[in-house]
Amino acid sequence: MKSYDIIVIGGGMMGTACAYYLTQEGLKVAIVERGDIAGGTVSHTDGYIGASEKQPGVDSMQGAASMKLYDEMRKTFDYDFEFSENENGDPIGFVYFCDSEFEFEKAKEQVAKNQALGIEQYAVDPYILQQLEPNCAKDLTGGMWVPKDGAVCPFRVAFGFVEEAKKTGLLDVYTRTEVLDIKQDPATKAVLGVVTDKGEFAAPKVVNAAGCWAPFIGAMVGLEVPIEPRFGQLTVSEKTGKITQNRLALEYGYYLTKFFQDGERPISPLVKAFNVCLNITSDVTGNTVVGGCRLFRGFSIKSEYKIMQAVAQRGIRYYPMLKDFNCIRAFAGIRPFCLDHLPIVSDVEEVPGFYMACGHEGDGITLGPITGKLISQYATGKPLEFELAPELAWARWHDKDIPAMKAREEENTKALKAVEEEVIRSLSK
Amino acid sequence: MLNKQLLIVGAGPAGLAAAIEAKKNGVKDVLLVDLNMKAGGQLMKQIHKFFGSKEHRAGVRGIDTGAAMLKEAEELGVEVWLKSTCVGFFDDKVACIEKGMEDGSKKIIYLKAETIIIATGGQENVVRFKGWTTPGVMGAGAAQTMINVNKVQPGQNIVMLGTGNVGLIVSYQLMQAGCNVVCLVEAAPGIGGYGVHASKISRAGVPIYTKHTIKEVKGNGPNGRVSEVTIVEIDPKFNPIEGTEKTFAADTVTLAAGLKPVSELVKLQDIELVFNGPFGGWVPTHNEKMETTCPGIYVAGDTTGVEEANTALEEGKVAGVSAAEALGAISAAEADKQRAEIWARLDGLRMGPFGEKRAIAKKEVMAKFPGVRA
């Protein structure tokens, strides 16, 4: 039986990042992945990275910390992961649109909090907004500008982590290998290795980096993991040239609906039914990518045409010129949504040798590096580089009634689905 | 939203046959959608006579079979949308179709169908060599469409890569259309297609280079078009042997390197796919009704594995009968009886040295169909 210092389950953003930072610590690592590297959420996403799309506090701070690591990776990696940059070498920023006084006030609050934490972002008036995004609608209340946020090619980041890790000679990658069980010491519950459909591997440490599928891995060691797949869908246009000037433009409601119930936006029933919020970028290829939404659809990643229609409506609200362009395709993916909106990154006290690196809903590409780094420090017992790391730890779930929370979430989903169906019925009349 | 009893995507031999059979069996509402300007698919460019026995339309040219089927479909009242592309395929059998309007514009239409038959056919494989994107390099099927349907020559001096039946037949038809076929190039040690086709070409004095491949195409012609083609001999491991290069002046390269199933629409549903080499790649598994693992969605023709027009046509009939059964137009017993007759003909088509491989492949694809439906 092959043995390793540590086995990482999952070859997505978290798994590859963990593998990279663990090999940098001199550990002998195996990635065990059911599909292929970057084959799950990483291959159904847009690749934006930044600190702005997060709640001020531990969330935005871990974003900022990860952006610093990306800066390092740009310098040290031979593997090019297409980090966006302008002529000054900085990633080119994000612009948020506020469509109401309410949104603008919320944006100003967020800016004040994050500025106090040292994260660079500004509230901008409609005049400046027009300078930043000349093609946007002329009747917006205001906006927010985050000059440092950018984008990467998500596949290439994952492949980059693997390639750079392989240089140490300490990494083995097992793709098309499904973990069936995790072996534990019956007395201490300590991890002993994993059982896969291709045989067994021994290791005293195992990382659960299975993203949306992390609950299945957690269940193997008796943990109930509070993560659910949250659906998103993007639409790709024909060649448009550069409609957006920034790396990404979003409506502020995108941030609001991510964390809070949204009741304030002046939107159509269709947009409301599908919880659609604009994010838009004119890609280097000359196509414009428009999204997005947050819904619960189980593990399905099938595109839905009604969402495409709602996304188109939302796109035209903020960029009226979009009405003259055709859509060429749509694609959907699922994000590992953790019930309290924070990822779980730490060791697990009740299962010695078991680590969690999952639940990064919609932020995995940004947070891959800091998560990998933290797991490498947990696994080697080194001091944690990120002082707010304890807030991300598994321990915060000890006193929570996860089944009850999941049930509540399910009720919510059902209620939302009922609203959605009602809207569809009324529209089809 | 528009509602239809039966939507058929692709008006080639499989789609047309399915439409006719469904109509004949009493399905009222049949819509046939095709992205081309004419229905009939590949049949409309097959000016050669078919082989085989009489019940398999032997001795009849594909183009005549196509015309007869089109006429029959029209007389039966099949609704046909041409220049219309099925661009989306969603849950609950909702299709999004970009419909070609009379004034030349396009209109997006969503429609819900009770049953769907996917008969989107096959597409040509490409071969990559230096200069493979040069204008003048095209599929052999494209060249065939140009001469037999659009009546234009794809070029003057043509190098054909591939000597399967498509490569051989299209070469001969190009010669008939007044083009000069410079040579045929084949990587395998022997000619791929029927000897009878190859002899016609050899008798006309056109060389066939086996154990050769295209090394490079130069594009110094007008507007960057192909000007020169260099071929090279290859060893048994398909590595080029240096010093064996031959260069020809040519303005066109046609690639007859086989086909693969067009399975985009199939992939948009939760239909179970099987990889099958002889059939050209990923194909949907199906049962003897031509029904996929998604109840009510059927497949027929090259979409289920690349074969030939007659087989596609018969499979289309099976799908049409099964859709009629699912829609309640005929009884299960009647459907079984009709299907048994068609399957007997299909078995006949999959015999002989070329047919047997297809019979085995079909068996493999169908064997993956789950015995019990969810």
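Given the structure is predicted, the values throughout are model-derived calculations rather than measurements. Per chain, numbering begins at 1; letters A, B, ... match sequence-line order.
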Please name all residues satisfying salt bridge (charged side-chain N to carboxylate O under 4.0 Å, His left out) with A:Lys239, sequence neighbours left out, ordered by chain then number. none

Assess whether side-chain contact (heavy atoms from CB on, under 4.5 Å) is satisfied between B:Thr293 and B:Asn287, documenting all intermediate values. CA-CA 8 Å; B:Thr293 50; B:Asn287 60 12; over 6 Å; no

On the six-membered ring of A:Phe337, is A:Arg230 placed so that its NZ or CZ lies under 6.0 angstrom from the centre and within 45° of the ring axis? yes

For A:Arg34 and A:Val179, run side-chain contact (heavy atoms from CB on, under 4.5 Å): C-alpha distance rounded to whole Å, both residues' side-chain angles, the deciding distance at 0.1 Å, then the answer. CA-CA 7 Å; A:Arg34 182 176 62 163; A:Val179 173; over 6 Å; no

Under the side chain to side chain contact (heavy atoms under 4.5 Å, CB included) test against B:Leu111, which residue among B:Val33, B:Leu31, B:Asn3 passes? B:Leu31

Quick one: which residues of residues 287-302 of chain A reach chain B at under 4.5 angstrom, heavy atoms only? A:Lys302

Quick check on A:Lys242: does its NZ atom have over 12 non-hydrogen neighbours (other residues, nucleotides or ligands) under 6.0 Å away? yes

What residues of residues 313-334 of chain A sit under 4.5 Å from chain B when you count only heavy atoms? none

Is it the backbone or the side chain of B:Ile108 that comes under 4.5 Å from a heavy atom of chain A, or both, or neither? neither

Do B:Lys362 and B:Thr304 have side-chain N/O donor and acceptor atoms under 3.5 Å apart? yes

Chain A contact via B:Val94 - side chain, backbone, both or neither, heavy atoms under 4.5 Å: side chain

Looking only at atom types and distance, does a side-chain atom of A:Ser282 sit under 3.5 Å from a main-chain N or O of A:Ile243, one as donor and one as acceptor? yes

Sequence-distant partners of B:Glu325, side chain to side chain donor-acceptor pair (under 3.5 Å), two or more places apart: B:Arg339

Side chain / backbone / both / neither for B:Phe89 at chain A, heavy atoms under 4.5 Å: neither

Once you measure the plane-to-plane angle for A:Tyr79 and A:Phe159, does it fall in the parallel (<30°), tilted (30-60°) or perpendicular (>60°) bin? perpendicular

Taking NZ, NE, NH1 and NH2 as the nitrogens, is one of them in B:Lys267 or B:Glu264 under 4.0 Å from a carboxylate oxygen of the other? no

